[in-house]
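Residues take their numbers from the sequence shown, with the count starting at 1.
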Amino acid sequence: MRLPGHGHRRHADDIVIGPLDLPARVDEALGVQAVAFGLGPDEVAVRRQIVLRHMTYPGARALGATAAERLVGFVYGMPNDRAHWWSTIVQPYLRAQGYDDWLDNSFVITELHVHPRYQNRGVGRSLITTITDSATEPRSILSAIDVESPARGLYRSLGYQDLARQVLFPSAPKPYAVMGAPLPLRRR
């Protein structure tokens, strides 16, 4: 998939969405995440190990957004598993809201980040809709910082709704919201 940079002809600013060998490009991807999410070197080092472990899970897959062969955004996810750390943290919050069943038969968006210079161009929307288009699960779940933000606005525009709010992850400075949407995601 190609998102045009300027005009209709192929241009250096064109963004191409396609499969990403995330383990091979983990440092480049985490560089995008660090800029987009404001991460320091210590947190990037921890996340590197997490990403590499996640990519060994059954059904895990990643997509990248590249401009002139440079990674400017990425998404990865997998079929949810209640035994995974994330699920064990969010499960009590979902149960309290009556949404415990969302942990079953869902595709979880683990990370989605776009370099700030490439935001507001449809890159995040293309990444998340493309990765969920190939999911066999009937729904998708994710977590996002629990503030009104462009990311949460994007998720809502795709059909995601809040399932639980004020979810506290160990060592995370801000609470998160868990959101879920039926698949396929709504198109604009």
Side-chain angles (χ1 to χ4, degrees), residues 17-23 25-26 29-30 32-33 36-37 39 43 46-65 73-114 124-147 149 151-172 174-187:
I17 307 290
L20 174 65
D21 182 350
L22 188 52
R25 296 182 77 177
V26 66
L30 289 174
V32 170
Q33 184 176 2
F37 218 55
L39 303 178
E43 192 160 8
V46 169
R47 288 178 183 242
R48 184 178 199 281
Q49 298 309 311
I50 293 168
V51 170
L52 292 174
R53 183 178 70 244
H54 283 167
M55 293 310 295
T56 67
Y57 292 169
R61 59 188 183 276
L63 294 175
F74 74 101
V75 63
Y76 81 92
M78 65 199 80
N80 194 55
D81 184 329
R82 283 181 177 265
H84 292 167
W85 177 84
W86 182 85
S87 291
T88 66
I89 300 297
V90 304
Q91 191 270 337
Y93 295 93
L94 292 174
R95 184 183 331 120
Q97 299 300 317
Y99 292 116
D100 182 63
D101 62 325
W102 275 79
L103 292 174
D104 301 316
N105 212 16
S106 291
F107 185 82
V108 63
I109 300 298
T110 309
E111 298 287 351
L112 169 62
H113 299 285
V114 177
R125 176 178 298 276
S126 293
L127 285 167
I128 195 169
T129 56
T130 304
I131 199 166
T132 58
D133 279 350
S134 61
T136 58
E137 297 76 16
R139 54 193 175 188
S140 173
I141 54 177
L142 56 79
S143 55
I145 294 176
D146 195 3
V147 296
S149 65
R152 297 243 306 154
L154 167 64
Y155 302 145
R156 283 193 187 98
S157 76
L158 294 167
Y160 285 89
Q161 296 180 356
D162 292 341
L163 303 176
R165 301 206 46 203
Q166 298 298 300
V167 175
L168 301 173
F169 288 99
S171 77
K174 298 176 184 175
Y176 280 70
V178 176
M179 303 177 79
L183 294 178
L185 295 177
R186 265 195 322 239
R187 304 294 189 197

Heavy-atom distance under 4.5 Å between the side chains of [X] and [Y], does that happen here?
| X | Y | result |
| --- | --- | --- |
| Y99 | V90 | no |
| I141 | L103 | yes |
| D101 | R139 | yes |

[X] side-chain N/O to [Y] backbone N/O, donor-acceptor pair under 3.5 Å:
| X | Y | value |
| --- | --- | --- |
| T56 | R53 | yes |
| N80 | V108 | no |
| S140 | A181 | no |

**OP:** Measure up the F169 and W86 rings against each other and bin them: parallel (under 30°), tilted (30 to 60°), perpendicular (over 60°).
**Re:**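 Parallel, since the angle between the ring planes stays under 30°.
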
**OP:** Give me the ring orientation class for Y57 and H54: parallel if the planes are under 30° apart, tilted from 30 to 60°, perpendicular past 60°.
**Re:** tilted

Minimum heavy-atom distance [X]-[Y], with the two atoms named:
| X | Y | answer |
| --- | --- | --- |
| P58 | M78 | O-CB, 4.4 Å |
| E137 | L183 | O-CD1, 3.4 Å |
| P182 | G159 | CD-O, 4.2 Å |
| P23 | L52 | CA-CD2, 3.7 Å |
| L94 | A164 | CD2-CB, 4.0 Å |
| L168 | P175 | CD2-CB, 3.8 Å |

With rounding to the nearest 0.5 Å, note down the distance linking [atom1] in [X] to [atom2] in [Y].
| X | Y | atom1 | atom2 | value |
| --- | --- | --- | --- | --- |
| Y76 | R61 | OH | CZ | 13.5 Å |
| T129 | D133 | OG1 | CG | 5.5 Å |
| R82 | D100 | CZ | CG | 4.0 Å |
| S149 | Y155 | OG | OH | 7.5 Å |
| W102 | M179 | CH2 | CE | 10.5 Å |
| I17 | I128 | CD1 | CD1 | 12.0 Å |

Going by the rule salt bridge (charged side-chain N to carboxylate O under 4.0 Å, His left out), which residues pair with [X] if we only count those two or more places apart in sequence or in a different chain?
| X | value |
| --- | --- |
| E111 | R47 |
| D162 | R152, R156, R165 |
| D21 | none |

**OP:** Test I131 against every option in I109, L20, L185, L112 by the side chain to side chain contact (heavy atoms under 4.5 Å, CB included) rule and name the one that passes.
**Re:**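 Testing each of I109, L20, L185, L112 against I131, the sole residue satisfying side chain to side chain contact (heavy atoms under 4.5 Å, CB included) is I109.
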
Subject >> Within 6.0 Å of CD in Q97, more than 12 heavy atoms from elsewhere >> reply: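 It does: Q97 CD has more than 12 such atoms within range.
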
**OP:** Could you tell me whether Y93 atom OH has more than 12 heavy atoms of other residues or ligands within 6.0 Å of it?
**Re:**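 Yes, enclosed.
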
**OP:** Report the C-alpha separation of K174 and D146 in whole Å, then their side-chain angles, then the decisive distance to 0.1 Å, and conclude whether the salt bridge (charged side-chain N to carboxylate O under 4.0 Å, His left out) test is met.
**Re:** CA-CA 8 Å; K174 298 176 184 175; D146 195 3; over 6 Å; no

